[in-house]
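Take a look at the structure set out below.
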Amino acid sequence: MSTNKPIKHFLQFSDFTLAEFEYVIERAKIIKRKFKNYEVYHPLIDRTLVMVFEKNSTRTRLSFEAGMHQLGGAAIYLNTRDSQLGRGEPVEDAGQVMSRMCDIIMVRTFGQDIIERFAAHSRVPVINGLTNEHHPCQVLADIFTYVEHRGSIAGKIVTWVGDANNMLYSWLQAAEVFGFHLNVSTPKGYDIDHSVVSTSRFTVFDNPSDACQGAHLVNTDVWTSMGYEKENAARLAAFDGYIVDAAKMARAAPDALFMHCLPAHRGEEVAADVIDGPQSVVWDEAENRLHVQKALIEYLLLGEIAGSAE
């Protein structure tokens, strides 16, 4: 790949401008429509995506791997058992070598510093498939899902009930970019680290029910994320009362949507009648990882497509 122009990466949500996100969302609509109509669309023939997994996943692997195939390219799966990253090779060296053998790389790892160092030494675009600090592809899929169902998210109220995890930090960045407001309710000891937040578009609520008042979108996640399993008992106690149930959804706007990035634990962070109820769009949300990531890959490799408003 030519290195004459700066490489564009997607490592956290704030890496893109509003105009870039709007373009990607419009392309995702087109690409999704082609998929639904069984239209062959292969703009990435002979292009290769390498997927590096230091954290396991179902949705991330399937959406990236299937998506790359659907775009006419190839996807190669690597985990720490299959690569030198698991044997102590410097991240910088891995970035140099891998990027000389493929066209684009997705990394799902632990610390954000790992993917930042990897990308700094990559000759091709790098996408964050998840780190401890950020999950930008999921939030992009969530916003695309909201736009599909309700139109623009600008000026809306999005509620987050749960701990201050990578999803919340990506939502906070998204609020600044898209111009919506975030209501946040986290248990004591699991709250926002304000030193890493660069937006004022959020309000913190002690009571999770109050955070749902008037919300257009209510979002939650599992109480014990991957890597924190030893804290499960303590988290279950701390999160008592934080379940998103029908009573909390009743305080949201009448047309409010419910989202969850999955996997979900019914009866813990969300009630079964909410996640399986009429306001839930979790299955569209899950599918939309496929479509927005295809649009993202296309943009990072090909730039803006002329006549993209087809």
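Annotation: cation-pi geometry satisfied between Arg61 and Tyr77 (NZ/CZ under 6.0 angstrom from ring centroid, within 45° of ring axis). Tyr41 carries Lys34 over the face of its six-membered ring, with the cationic atom under 6.0 Å from the centre and within 45° of the normal.
Atom CG of Asp206 is surrounded by 12 or fewer heavy atoms from other residues, nucleotides or ligands within 6.0 Å. By the neighbour-count criterion of 12 heavy atoms within 6.0 Å, atom CG of Asn37 is densely surrounded, having more than that number from other residues, nucleotides or ligands. More than 12 heavy atoms of other residues, nucleotides or ligands lie within 6.0 Å of CG in Asp255, so this atom counts as buried by the packing criterion.
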* **Test log, rule side chain to side chain donor-acceptor pair (under 3.5 Å), inputs Gln112 and Thr131** => CA-CA 6 Å; Gln112 183 74 12; Thr131 60; 2.6 Å; yes
* Walk me through it: do Glu287 and Arg59 pass the test salt bridge (Lys or Arg N to Asp or Glu O under 4.0 Å)? => CA-CA 9 Å; Glu287 178 189 338; Arg59 279 153 290 275; over 6 Å; no
* Under the side chain to side chain donor-acceptor pair (under 3.5 Å) criterion, do Tyr242 and Glu269 qualify, and how do the steps go? -> CA-CA 7 Å; Tyr242 276 77; Glu269 75 275 4; over 6 Å; no
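Ring geometry for Phe21 against Phe10 counts as perpendicular: the plane angle is over 60°, on a 0 to 90° scale with 30° as the lower cut.
Judged purely by distance below 3.5 Å, without hydrogens or angles, the side chains of Glu148 and Asn288 pair a donor atom with an acceptor atom.
Aromatic pair Tyr299/Phe16: ring centres closer than 6.0 Å.
Residues Met259 and Leu217 are in side-chain contact: their nearest non-hydrogen atoms beyond the backbone lie under 4.5 Å apart. In this structure, the side chains of Leu172 and Trp160 stay at 4.5 Å or more apart for every pair of heavy atoms.
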